[in-house]
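What you are looking at is a predicted structure, and each value in this text was computed from that prediction instead of being measured. Below, chains carry the letters A, B, ... as their sequence lines are ordered, and counting in each starts from 1.
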Protein chains: 2
Amino acid sequence: MSAKRQNTVAEKLRMKANDLTAAERKLMAALFADYPVAGLASITEFAKLANVSTPSVLRLAKKLGFSGFPALQEALRGELSAQLQNPIAKHERWAAEAPDAHILNRFADAATDNLRASLRLMDHRVFDEVARLLGARRRAIHIMGGRITGAIAHYLYTHLHMARPNVHLVPEAQALWPQYLMNLSKGDVLLAFDVRRYDARMLDFAVSAQAEGAEIVLITDQWMSPVARIASLSLPVRIEVPSSWDSNMVPLFVAEALVAAVVNHNWPDTQSRIHRLETFNETLRRGKS
Amino acid sequence: MSAKRQNTVAEKLRMKANDLTAAERKLMAALFADYPVAGLASITEFAKLANVSTPSVLRLAKKLGFSGFPALQEALRGELSAQLQNPIAKHERWAAEAPDAHILNRFADAATDNLRASLRLMDHRVFDEVARLLGARRRAIHIMGGRITGAIAHYLYTHLHMARPNVHLVPEAQALWPQYLMNLSKGDVLLAFDVRRYDARMLDFAVSAQAEGAEIVLITDQWMSPVARIASLSLPVRIEVPSSWDSNMVPLFVAEALVAAVVNHNWPDTQSRIHRLETFNETLRRGKS
DNA sequence: CCGGGCTTGTAGCGATAATTTCAGATTGTC
DNA sequence: GACAATCTGAAATTATCGCTACAAGCCCGG
């Protein structure tokens, strides 16, 4: 990445604090009293606030190495914007937008907490390995989910199915499972979503799939689905939110990130697929109208 | 000076959100994307950032009740300075962690940015109103999604279907749509997910549904689906991530938060439903083993 | 008490920002 | 499909800002 971030205006000021003149000190005090907002007004207002003249402001700006007052302001705005991105400030600002107790804020807090904790819990190398498996063209991919995670499985299926051939969605109806097991080949990948209220039947399916030679990949919650015992790769995530049911935002996050990783990994091929997809889209649309 | 004058610029914007023109909406989006710093540059830069002309900025400022652009900036600075007074500055260093280039981190950054921006873009009163509609027992709820958002629609359906009776999922297959329109009654709610690559057919469906007397509720992206023109309530969210496809984490977030809000709103009733659900679950499981 | 170097503010100029005007573009309506 | 209403941006105008030049003030060593 880039080199160490440039000093902030505040740091520059402190550094030069010793050879500042009286008027410049007044300006520094005024700025620090309401940093950095005081410096975002016009040069005239800022000067008045510190009880100095406008040229003094200008001289200070130049002493700090800026080409002029607007350049200093731009630096201040830049810092501010970066500062406001940080998670704690973020929370404060959310709270300002709506009462803290509002469900949107509580939910958003929980969701981002989950995401952060999940990223810590997750091993990048496992993720990369899963992405590699999902990107391997010679392996067929079979995706399955439970009652709740079925929608996430479907979402992943829709995208992966666009990104590469040979992707299958195992339906939720158990009556259909035998024929899906039959179509499994050695080396295929079974990607299962299983979060709490673990489905015993899913374990059965996974065991059978493994017996057929499939690699089992699991996306589960922190308490670990029983499928984890037989899975070659497991990605545990956090799913608790203030609700009667768990949140599947992080499982969805993993699904989306996996798709992005798979697509990146084999970009030229995917690109041509997307292009062909668009062509077919148009053809079908035109044919219909 | 009425008592209402205390509103922040963000609140004023949201309040007037309905009678903003296209250019003004662009400005609003640009401002919220980096609030409030984006509005602190010169009028020229701000206009350029939002890809509109400077007079449009001015008109927006006046529409919000300011005497001119500088007055708006002063308001922004005022808010900012008030907000920066509280003790968040100390925790700034938290964010100083090195931004990893790994797709997981980049994706997570984008996702939380989207969430944050969406919460700003979203009017929590509209959200509450949507939750109220979804909780109204006498109204049937019809949920629909597009090719990609179909999975999210399905997810919402699964949960809402547990929380209350009379919830329906409109299938993606258009051949089935007529019979779903037929089963719509006056006062029913059609909740549609529509993000870019807007589906013209969905607009057709929504128009027909409205003609049958349904209230149209829309969850869309920042560029606003055409359905927004006829929807009684719209919740715009952000969906951009570093990937070939957009992210649906925030739509999922909205879905989950809506479920939580609906459940909270009528807790005793939902509680008994969940209890009965558990009973049936056990009965069926026992019967099968 | 006087001058030299440094600091500071006043005044004014050019540059840029903010605002107004107006005509073309767009949208909705009959 | 034509008209009215509305919206939008280019260009012109005005106001304000940022900056420079210069002179008055200040401090300190002679």
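Protein chain B touches strand DNA chain D; the 5'-most and 3'-most nucleotides with an atom under 4.0 angstrom of its non-hydrogen atoms are dC7(D) to dA10(D).
Partners of E240(B) by salt bridge (Lys or Arg N to Asp or Glu O under 4.0 Å), not counting sequence neighbours, listed by chain and number: R196(B). Qualifying salt bridge (Lys or Arg N to Asp or Glu O under 4.0 Å) partners for E129(B), counting only residues two or more places apart in sequence or in other chains: R132(B). By the salt bridge (Lys or Arg N to Asp or Glu O under 4.0 Å) test, R125(B) pairs with D123(B), sequence neighbours left out. In this view, H142(B) and H168(B) satisfy the ring pair (Phe, Tyr, Trp, His ring centres under 6.0 Å) rule, not counting sequence neighbours. Legend: residues meeting ring pair (Phe, Tyr, Trp, His ring centres under 6.0 Å) with Y157(B), ordered by chain and number and at least two apart, are H161(B). When the side chain to side chain contact (heavy atoms under 4.5 Å, CB included) test is applied to A110(B), the partners found at least two apart in sequence or on another chain are V241(B), P242(B).
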*Hey, mind stepping through R201(B) and W177(B) against side-chain contact (heavy atoms from CB on, under 4.5 Å) and telling me if it holds?*
CA-CA 10 Å; R201(B) 306 268 172 169; W177(B) 284 3; 3.8 Å; yes
*I would like to know whether V57(B) and T44(B) meet side-chain contact (heavy atoms from CB on, under 4.5 Å); could you show each step before the answer?*
CA-CA 9 Å; V57(B) 179; T44(B) 319; over 6 Å; no
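Among the nucleotides dT21(C), dG9(C), dA18(C), the one closest to the side chain of P55(B) is dT21(C).
Remark: R59(A) in residues 59-76 of chain A come within less than 4.0 Å of DNA chain C through at least one heavy atom.
For the pair E24(A) CD and dT7(C) P, the interatomic distance rounds to 8 Å; values are reported in whole Å. Taking atom CD1 of residue I43(A) and atom C1' of nucleotide dT16(C), one finds them 13 Å apart after rounding to whole Å. The NZ-P distance, from K48(A) to dG9(C), rounds to 14 Å in whole Å. Counting to the nearest Å, the P atom of dG9(C) and the CG atom of L58(A) are 14 Å from each other.
For the side chain to side chain donor-acceptor pair (under 3.5 Å) condition, the pairs that include at least one residue of residues 57-72 of chain A, sequence neighbours left out, are E24(A)-K63(A). Among residues at least two apart or in separate chains, there is no salt bridge (charged side-chain N to carboxylate O under 4.0 Å, His left out) pair with a member in residues 220-235 of chain B.
Nucleic acid contact for V52(B): sugar-phosphate only, since backbone atoms but no base atoms lie under 4.0 Å from a heavy atom of the residue.
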Between the protein and nucleotides 27-30 of chain C, list the N/O to N/O atom pairs that are separated by less than 3.5 angstrom.
none

Can you list, pair by pair, the side-chain donor-acceptor contacts under 3.5 Å of residues 69-77 of chain A, counting residues two or more places apart and other chains?
from: Q73(A); atom 1: NE2; to: G39(A); atom 2: O; distance (Å): 3.2
from: Q73(A); atom 1: NE2; to: L40(A); atom 2: O; distance (Å): 3.2
from: Q73(A); atom 1: NE2; to: A41(A); atom 2: O; distance (Å): 2.5

